[in-house]
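See below for the structure under consideration.
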Protein chains: 2
Amino acid sequence: MSISINDVARVAGVSKSTVSRVVAGGAVSAEVRARVEAAISQTGYRPNLQARRLRSQRSGIIAVIVADIRNPFFTALIGAVEAVAYQQELRVMLCNTDEDPAREALYLQMMQEERISGLIFAPTRTTVGRLERMQWDAPTVLVDRAPAAGRHDSVVIDNRAAMTELVTHLLAQGYRRIGGLFGSTSTTATERRDGYLAAMQAHGLAPDYREVEPTAEAAIAATGPWLARADRPQALVTSNNLLLMGALKAARAAGLSIPDQLALAGFDNERWTELVEPGISVVEQPVEEMGRAAMSLLLERMKSPELPVRRLVMSARCVLRGSTRPAR
Amino acid sequence: MSISINDVARVAGVSKSTVSRVVAGGAVSAEVRARVEAAISQTGYRPNLQARRLRSQRSGIIAVIVADIRNPFFTALIGAVEAVAYQQELRVMLCNTDEDPAREALYLQMMQEERISGLIFAPTRTTVGRLERMQWDAPTVLVDRAPAAGRHDSVVIDNRAAMTELVTHLLAQGYRRIGGLFGSTSTTATERRDGYLAAMQAHGLAPDYREVEPTAEAAIAATGPWLARADRPQALVTSNNLLLMGALKAARAAGLSIPDQLALAGFDNERWTELVEPGISVVEQPVEEMGRAAMSLLLERMKSPELPVRRLVMSARCVLRGSTRPAR
DNA sequence: CTGAAAGCGCTTACAG
DNA sequence: CTGAAAGCGCTTACAG
């Protein structure tokens, strides 16, 4: 079909071993090297990676499996991963699971068939549990979502503490009926929920929260009726930026002014949170750094499979804006 | 290393040809099939795609090369492509070029070595020109960015007409000093610029525009000083959503009220354009449909390489909001 | 420094 | 329906 190493060898008048050495940068005399290089550009030869991988038993492919490629948090993460992969001459295979454990299982299987060199994975809560029991031996780094302790390296923030800080801020501003809107599919959302519960309980307040599919649409559907109730919350925290956006839309639709009738806060310092009026208070995660750190851990793991499991907890910070101004 | 078809054959007491047939769903007696399937689950055998691809000479890999994975337009596009690829059992290799022609060239070469089955590509203006002369024969669909006529299938909108419509709307609202902020790296931005020029000229107005790197940061840097001038525009249109966001930030920083001191409009109906006050008028592109259509064209092209070149022009629509209310 | 040979794990005609 | 053989395009010891 396409031009192979044999064609180049014939044109250059050498063996294919020699062509292979030239391509790999091995020890070859200058004269032969020049002849082979001429033959390569004359024929337009391009190595076949499928063959190289089969023979060398390393694919040089990194898989990235995320729950929602449309969530800008994951987009930024993927961007950082891709940048590192590019400079390491690794390929990136993209897998989007829509928070579906069945799809995650299928993708894991496919990536096993792919003989990937490494995996960056943001799994659902369901799969976090299963992953411990599964036979899965490719070098893997869990990012954003991980068990408290497990078999794989991970890069996370302290979700519980971050949410506790956010809720404590609202309490300090005088809010008492604080509602929580949390994703139902990730350990991350669950940890953030626990941070909310801890803060409320520490102040002797009754929690009032919902767990939903982590999309703006689900947030709108859940928040609309909630905000129409007589005992509706004075403030709302959400576990991610899509839920935050949905909550804001629902508040606007209900005609509630922010923060006077509803204070609002959530996660991820997306640019829009600063552009709406008033600005929305958020927990900012170092997402680019998380992506780069995950790749660093992965590269080390690929090099040294016997390293002890590492868990990297990065720090997040609250960015406070008008949406959480003191309660009247 | 890992379990191969030979191991399964030995356990099942058949030849590896037979195992291959079972895996491929070929004609095998029920009794033998059962034995082989038992051996497969007993050994935990997973086919090696590298070997399969080398032998069958088709990779089943789709490459997606985009200029900026962080631009939500491209993110949505990638999401749609991935969804179709998943159901077609194709893998997606993700390539991000940061609008860099050198990086595009490198990625094209890599994907050639990958022996990809197809390519979805949003190239820079530089590469749009080169692509015509390059030897590049993998099935390819250009999306969002394409030459007026060329060797490859494409899916675009009528960028020139869409921008003309947007500017004509501003003119009808009474604005005269309308500035344009356009990306410098894509045919898309250039076509939108031409639509702006056409509308201004049709009304005998002097154009006033800048071409910049298509990022929010570049937009802020360009717009800040511009809005500080005595002859600053009364209205501003931008060629994409990142520039729009940057322009809005610069307007806010300059303390200009919208639309009274500065009307604003751009591209892509991102959710934030509706949540800021006032809402921003935008051209909405059918981005998901563009991604799915691109995959449809690609699948057909993969099946029938001899089809004539097709150019699919999808329709866009203006979503008018408060940011372009009539001028005082 | 260079070449011949073996083999990575499959699929695919070709016999039987 | 089943198996033996060839071969996809490489790399990698092994000789020389």
Side-chain angles (χ1 to χ4, degrees), chain A residues 1-40 43-61 89 91 109-117, chain B residues 1-40 43-61 89 91 109-117:
Chain A
M1 196 97 299
S2 61
I3 297 122
S4 84
I5 209 169
N6 288 302
D7 304 307
V8 177
R10 190 158 14 77
V11 171
V14 297
S15 75
K16 61 179 181 173
S17 317
T18 299
V19 176
S20 177
R21 274 184 209 105
V22 170
V23 171
V28 180
S29 73
E31 190 263 334
V32 168
R33 175 177 299 276
R35 232 165 57 222
V36 171
E37 274 165 357
I40 286 175
T43 54
Y45 167 72
R46 292 280 99 215
N48 182 321
L49 294 187
Q50 253 68 54
R52 180 179 288 176
R53 287 171 181 149
L54 174 58
R55 173 60 228 234
S56 65
Q57 301 282 68
R58 21 185 328 278
S59 70
I61 297 174
E89 306 204 314
R91 308 292 193 268
Q109 185 171 304
M110 288 182 191
M111 292 306 113
Q112 198 168 334
E113 298 180 359
E114 207 68 62
R115 305 298 194 263
I116 54 169
S117 295
Chain B
M1 196 95 297
S2 61
I3 297 122
S4 84
I5 209 170
N6 286 302
D7 303 309
V8 177
R10 191 159 12 79
V11 171
V14 297
S15 76
K16 61 180 181 173
S17 317
T18 299
V19 176
S20 177
R21 275 186 208 101
V22 171
V23 171
V28 179
S29 73
E31 191 262 334
V32 168
R33 175 177 298 279
R35 231 166 57 223
V36 171
E37 275 165 356
I40 286 175
T43 54
Y45 167 73
R46 293 280 99 217
N48 181 322
L49 294 187
Q50 252 67 56
R52 179 180 290 175
R53 287 172 182 149
L54 174 59
R55 174 59 227 234
S56 65
Q57 300 284 62
R58 23 183 326 280
S59 70
I61 297 175
E89 306 206 313
R91 308 292 193 268
Q109 184 170 305
M110 287 181 190
M111 292 307 113
Q112 199 167 334
E113 300 180 358
E114 207 67 63
R115 304 299 194 262
I116 54 170
S117 295

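Lettering of chains follows the sequences in order, A, B, ..., and the numbering in each one begins at 1. Nothing here was measured: the structure is a model prediction, and the numbers come from that model.
Along DNA chain D, the nucleotide nearest to A:K16 and the one nearest to B:V32 differ in position, and the one closer to the 5' end is contacted by B:V32.
Side-chain atoms of B:T43 do not come within 3.5 Å of backbone N or O of B:V8 as any donor-acceptor pair.
Between A:I3 and A:Y45, the shortest heavy-atom distance links the atoms O-CD1, 3.5 Å.
Interatomic distance, OG of A:S15 versus CG of A:N6, reported as 10.0 Å (0.5 Å rounding). In this structure, B:R10 CZ and B:I5 CD1 are separated by 12.5 Å, a value rounded to the nearest 0.5 Å. Atom CD1 of B:I116 and atom CE of B:M110 lie 12.5 Å apart (nearest 0.5 Å).
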Once Watson-Crick and G-U wobble pairs under 3.5 Å are found, how is DNA chain C written in dot-bracket notation, 5' to 3', with | for any base paired to another strand?
|||.||||||||.|||
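Neither OP1 nor OP2 of C:dT11 sits under 4.0 Å from any side-chain N or O of B:Q57. Applying the 4.0 Å criterion to OP1 and OP2 of C:dT2, one finds that A:S29 has a side-chain N or O inside that range. Residue B:S17 places no side-chain N or O under 4.0 Å from the OP1 or OP2 atom of D:dT2. OP1 or OP2 of C:dT11 lies within a sub-4.0 Å distance of a side-chain N or O belonging to B:S20.
Listed candidates were D:dT2, C:dC10, D:dG9. Nearest to the side chain of B:V28 is D:dT2. For B:Y45, taking side-chain heavy atoms from C-beta onward, the closest of the listed nucleotides C:dG3, C:dC10, D:dC8 is C:dC10. Listed candidates were C:dC10, C:dT2, D:dG9. Nearest to the side chain of A:R21 is C:dT2. Set against C:dT2, D:dC8, D:dT12, the side chain of A:S56 has D:dT12 as its closest nucleotide.
The interatomic distance linking B:N48 (CG) with D:dC10 (P) rounds to 17 Å, in whole Å. As rounded to whole Å, 12 Å separates atom P of C:dT11 from atom CG of A:L54. Atom CZ of A:R58 and atom C1' of D:dT12 are 15 Å apart (whole Å). For B:E114 and D:dG9, the CD to C1' distance is 14 Å, given to the nearest whole Å. Atom CD1 in A:I3 sits about 10 Å away from atom P in D:dC10, given to the nearest Å. The CZ-C1' distance, from B:R52 to C:dT12, rounds to 14 Å in whole Å. To the nearest angstrom, P of C:dG9 lies 11 Å from CD1 of B:I5. Rounding to whole angstrom units, CD of residue B:Q50 and C1' of C:dC8 are separated by 11 Å.
Between A:R115 and A:R53 the shortest side-chain heavy-atom distance does not fall below 4.5 Å. A:E31 has its side chain within reach of A:R35: a pair of non-hydrogen atoms, C-beta onward, lies under 4.5 Å apart. Within the 4.5 Å cutoff, no side-chain heavy atoms of A:Q50 are placed close to those of B:R55.
Residue B:R46 is classed as a sugar-phosphate contact, given heavy-atom separations below 4.0 Å to backbone atoms only.
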